[in-house]
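Beneath this line is the structure, given in structure tokens, with notes to follow.
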2 protein chains.
Amino acid sequence: MRADAQRNVDAIAAAAADCLSRDPEASVADIAKAAGVGRVTLYGHFPSRAELVDAAVARAITDGHAVLDAVDLDGDPRAALARLVDASWELVNRFRSLLLAAQRTLPPGRIQELHQEPADRMRRLLERGRAEGVFRTDLPTSWLITTMQNVMHGAADEINADRLKSADAARYISTTVLAALTPPGHRVP
Amino acid sequence: MRADAQRNVDAIAAAAADCLSRDPEASVADIAKAAGVGRVTLYGHFPSRAELVDAAVARAITDGHAVLDAVDLDGDPRAALARLVDASWELVNRFRSLLLAAQRTLPPGRIQELHQEPADRMRRLLERGRAEGVFRTDLPTSWLITTMQNVMHGAADEINADRLKSADAARYISTTVLAALTPPGHRVP
DNA sequence: GCTAACTCGTACATCAGTGTTCAAGTTATT
DNA sequence: AATAACTTGAACACTGATGTACGAGTTAGC
């Protein structure tokens, strides 16, 4: 593969991640234009819209790994969770529209795979906190994780609708999540 | 208007509510078939897809009012909230797909109107609880309401994906919500 | 039983997006 | 400077949906 072709593939994937992060229904034509490339060229590299979306998501995932890897998960589980939630929130806020696009074009199994890694990260921390008695054990871990995801996704929607300021969101989210995880009979932090 | 025409209008609106509650992308043709009516007849009564969706939503709202009006909001705010959340959950679970359809076709202002009434109901109860010191006051009421909505919507998604049993959902939701509303320093019920 | 209202199927116009083909031009690599 | 790889726009076929037109059949209501 020639160097300029490789550069174009990159530019297209980047443009796809960018466009779909702003509008989940962005057309292939829009993305080609944003990449500064003809539509035909795009199809030369990505045989279908689905593969293009997949590539964009893969890019986002790679970015996400880097951000989450930088989070310190040691020490007090509640403090660690607050840090992890803050970092996750940044990603959700950035890529939520892209994930929406993925949900519409990629098969459900693929979506599952994508959430797998970050969910596992969350799960490990959660289970440590449960073992130490600071997180509740009367609800399934999977439910607690879903709840955290839902709170974050919902916050992103509110921001989009201009009913919530981006600056406030992080504090609201971690406060709410920490309360939701507190075991019955314990005091809310 | 002739009696049979009126009957058809009803049947169409009912079929629309039903179809869209199962598949938010149900086509006009699908709905006509479900109503036992020709597509042309449908267009005779509803000039466009948008008006059809609106009619379906209006039906759902009417149903919703009846359910929520039956909820007793007096007594301990936490118990009352649990009752209200249970009732709301039933509605969300039934109509979530329909609301999705509405979000795609109706203007955002119209959607806002639809959530207004149930949200206000929630808000009044929430504020009473805050005044009595059993709900937290360090986060805006609007955020707390959004959070409850998000938890419910998320649960509905999980059920759809077969990762959550419908029977468990109600308990999970109210437990989680009550914890999230507990004021800092207070014990989780 | 007459009539206006209503319904029906078929057919058609339109639109937006996807994916393909082709012939001609450009550029990286050797 | 030769060549293979790559890019390009214009054109086209296809799909699935919305909405319209028409002419013939059916039914409610008086």
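A, B, ... follow the sequence lines: proteins, then strands. Residue 1 opens every chain. Because the structure is predicted, anything quoted here is derived from the model rather than measured.
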Pair [X] + [Y]: basic N to acidic O under 4.0 Å:
{"X": "A:Asp4", "Y": "A:Arg7", "answer": "no"}
{"X": "A:Arg59", "Y": "A:Asp63", "answer": "no"}
{"X": "B:Arg110", "Y": "B:Glu113", "answer": "yes"}

Starting at [atom1] of [X] and ending at [atom2] of [N], how long is that distance when rounded to a whole Å?
{"X": "A:Met1", "N": "D:dT7", "atom1": "CE", "atom2": "P", "answer": "8 Å"}
{"X": "A:His45", "N": "D:dA5", "atom1": "NE2", "atom2": "P", "answer": "14 Å"}
{"X": "A:Asp10", "N": "D:dT7", "atom1": "CG", "atom2": "P", "answer": "12 Å"}
{"X": "A:Ile12", "N": "D:dC6", "atom1": "CD1", "atom2": "P", "answer": "12 Å"}
{"X": "A:Gln6", "N": "D:dT7", "atom1": "CD", "atom2": "P", "answer": "11 Å"}
{"X": "B:Ile31", "N": "D:dG19", "atom1": "CD1", "atom2": "P", "answer": "11 Å"}
{"X": "A:Tyr43", "N": "D:dT7", "atom1": "OH", "atom2": "P", "answer": "16 Å"}
{"X": "A:Lys33", "N": "D:dG9", "atom1": "NZ", "atom2": "C1'", "answer": "13 Å"}

B:Arg121: partners by salt bridge (Lys or Arg N to Asp or Glu O under 4.0 Å), with sequence neighbours left out: B:Asp69, B:Glu117
Between B:Asp4 and B:Val40, which residue's closest nucleotide on DNA chain C lies nearer the 5′ terminus? B:Asp4
When you list every nucleotide of DNA chain C with an atom under 4.0 Å from a heavy atom of chain A, which one comes first 5' to 3', and which comes last? C:dT18 to C:dT29
Using only heavy-atom distances, determine whether the side chains of A:Gln112 and B:Arg163 contain a donor-acceptor pair under 3.5 Å.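 The criterion, which ignores hydrogens and geometry beyond distance, is satisfied for B:Arg163 and A:Gln112.
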Give a yes-or-no answer on whether the side chains of B:Asn150 and B:Thr147 include a donor-acceptor pair shorter than 3.5 Å.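 The answer is no; no qualifying pair exists.
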Using the rule that two of Ile, Leu, Val, Met, Phe, Trp, Tyr join whenever any of their side-chain heavy atoms come within less than 4.5 Å, decide whether A:Ile61 and A:Leu99 are in one cluster.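 No, separate clusters.
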base_contact_polar (D:dG9 base, A:Arg39 side chain, donor-acceptor, <3.5 Å):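 No such pair is found, so the answer is no.
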Categorize A:Thr41 for me: base, sugar-phosphate, or nothing, with a 4.0 angstrom heavy-atom threshold over every strand shown.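 Counting heavy atoms under 4.0 Å across all strands, the contact made by A:Thr41 includes a base.
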Given DNA chain D, 5'-ward residue of the pair B:Arg2 and B:Ala26, judged by closest heavy atom: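 Result: B:Ala26.
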